Novice: 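So that we are looking at the same thing, I have put the structure below in C-alpha cells.
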Number of protein chains: 2
Amino acid sequence: MIDNAKTTSSIKQAAEFTGLTEDTIRYYEKIGLLPYADRTASGRRAYSKRRLEGMVFLTRLKSTGMSLEEIKHFQKLYEQGETSLAQRVSILVEHKNKIENEIGRLLETQRIINYKIDNYNEVLVNPDINNTACDPIE
Amino acid sequence: MIDNAKTTSSIKQAAEFTGLTEDTIRYYEKIGLLPYADRTASGRRAYSKRRLEGMVFLTRLKSTGMSLEEIKHFQKLYEQGETSLAQRVSILVEHKNKIENEIGRLLETQRIINYKIDNYNEVLVNPDINNTACDPIE
DNA sequence: GTACAACTTGGAGCACACTCCAGGTCAAGA
DNA sequence: TCTTGACCTGGAGTGTGCTCCAAGTTGTAC
C-alpha cells in the first residue's frame with residue numbers, strides 16, 4: 001500500500017499554524033464562527049490546508065478589529081453560496097474602509113507621541129526646561 | 001464684581017469634549033486612571049482645559065491599543081514627578097513601536113482584502129469563473 | 001417654594017472573547 | 001496489556017472595560 005502524503009492536520013497543528021489556541025479553535029467552532037470541522041473515524045478534527053488558510057484569514061479579520069459576531073455573519077453568508085456574493089463584497093469594502101480610518105488614527109497618534117518623546121528628551125537633557133508637553137496625558 | 005470667564009467644565013462638557021461617557025469618566029477616576037478631579041464647593045467635578053486635553057491624549061493611548069492598566073501605570077509615574085521621566089519616555093517609545101507594528105499589520109491585511117475584493121468583482125461580472133479567492137476566509 | 005434636571009456615591013450587572021476543567025475516548029509505544 | 005498523552009464534549013469561570021441603577025444632593029427656572 002502506498003504511503004499517501006498526509007493531507008490533513010490535527011487541532012494541535014492547526015493551532016500552531018494559525019497562532020490560535022486549541023481551546024479557541026474549538027470555541028470558534030462551537031459558536032458557529034468556524035464551520036463544523038471534518039473528523040477522523042475516531043472523531044478527531046482533521047483540517048485541510050485550505051481550511052487552515054481560511055482560519056488564518058479569519059484571524060486577520062479579528063486582529064484588524066472585526067468582531068466575532070461580524071466574522072460569523074460573513075462565514076454564514078459564505079455558506080449560503082453565491083447569492084450572497086455582493087453582500088460579502090460590501091462587507092469587505094466596509095472593513096477595508098474601517099482599516100483605512102484606523103491607519104489614519106494610528107499615524108496621527110504616532111505623530112503626537114513622537115512630538116512628546118522629543119519634548120521629554122529635551123527635558124532629560126536640560127531638566128530646567130519643565131516642558132508642559134511632558135504632562136501625563138495632554 | 002467682575003464676571004470672570006468660566007475656566008472649568010462640568011463632567012457633561014468633559015464627556016462631549018473627549019467622546020467618553022460621563023460614566024466612563026467617573027469609572028476611570030474610580031480605578032485611578034484619572035487623578036481625583038477637582039470639585040466645586042458643592043462636590044461636582046470641575047475640569048480645567050489642561051485636564052480635558054489630558055483626557056483626550058489618554059483616549060488616544062486607549063484607542064491605539066494601550067490597556068487601562070498600562071495607562072494607569074503611566075499616570076502613576078507622572079504623579080511620582082520627574083524621577084520617572086526616563087521611564088515614561090521608554091513607555092512612549094515602546095508604544096510608538098507597537099503602533100508601527102500595528103500599522104504594518106493593517107496595511108498587509110488591507111492588501112489581502114483588496115486582492116479578495118478584486119477577485120469577488122471578477123466573479124460578479126463573470127459568475128462562471130468560480131474563483132477560489134472568494135472563499136470565506138482564506 | 002416647587003419642580004425638574006444635573007449631578008453625586010457605591011455597588012451590581014453585562015458583553016465580549018476567551019480559558020479552564022471534569023470526565024471520558026482513543027492511539028501508539030514499551 | 002499497560003501507560004501516556006492527545007484528543008473529545010459540555011459547561012463553568014475569568015478578565016477587561018464598561019454600563020446601569022438606586023438613593024441622595026444641588027442648581028435653576030418658573
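None of the values given here were measured: they were computed from a predicted structure. By convention in this document, chain letters (A, B, ...) are assigned in the order of the sequence lines, proteins followed by strands, and residues within each chain are numbered from 1.
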Novice: The criterion is side chain to side chain contact (heavy atoms under 4.5 Å, CB included); which residues satisfy it with B:K98, sequence neighbours excluded?
Specialist: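 Applying side chain to side chain contact (heavy atoms under 4.5 Å, CB included) to B:K98 gives B:E70, B:H95.
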Novice: Among all residues two or more places apart in sequence or in another chain, which pass the side chain to side chain contact (heavy atoms under 4.5 Å, CB included) test with A:L107?
Specialist: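 With neighbours one apart ignored, the set is A:I103, A:Q110, B:I103.
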Novice: Does a donor on one side chain and an acceptor on the other come within less than 3.5 Å for A:Y120 and B:R88?
Specialist: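 A donor-acceptor contact under 3.5 Å links the two side chains.
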Novice: For B:R45, which residues count as a salt bridge (charged side-chain N to carboxylate O under 4.0 Å, His left out) partner, sequence neighbours excluded?
Specialist: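 Salt bridge (charged side-chain N to carboxylate O under 4.0 Å, His left out) list for B:R45, sorted by chain: B:E29.
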Novice: Applying side chain to side chain contact (heavy atoms under 4.5 Å, CB included), can you list everything that pairs with A:E82, at least two apart in sequence or on another chain?
Specialist: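 By the side chain to side chain contact (heavy atoms under 4.5 Å, CB included) rule, A:E82 matches A:L85.
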Novice: Hey, where on DNA chain C does chain A first and last touch, going 5' to 3'? Cut-off is any atom under 4.0 Å from a heavy atom.
Specialist: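 The footprint of chain A covers C:dA17 to C:dA27.
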Novice: Checking A:R60 now: which residues fulfil side-chain hydrogen bond (donor to acceptor under 3.5 Å, both in side chains) with it, not counting sequence neighbours?
Specialist: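 With neighbours one apart ignored, the set is B:T109.
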Novice: Sequence neighbours left out, what passes side chain to side chain contact (heavy atoms under 4.5 Å, CB included) with B:S63? Give chain and number order.
Specialist: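 Residues passing side chain to side chain contact (heavy atoms under 4.5 Å, CB included) with B:S63: A:R105.
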Novice: Could you list the residues that satisfy salt bridge (charged side-chain N to carboxylate O under 4.0 Å, His left out) with B:D23, not counting sequence neighbours?
Specialist: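 With sequence neighbours excluded, B:D23 shows a salt bridge (charged side-chain N to carboxylate O under 4.0 Å, His left out) to B:R26, given in chain and number order.
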Novice: Please figure out whether A:T40 or A:L20 has its closest DNA chain C nucleotide nearer the 5' end.
Specialist: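 Counting from the 5' end, the first nearest nucleotide belongs to A:L20.
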Novice: Assign a letter to each nucleotide of nucleotides 4-18 of chain D from its 5' end: B, base within under 4.0 Å of a protein heavy atom; S, sugar-phosphate only; -, no contact.
Specialist: --BSSBBB-----BB
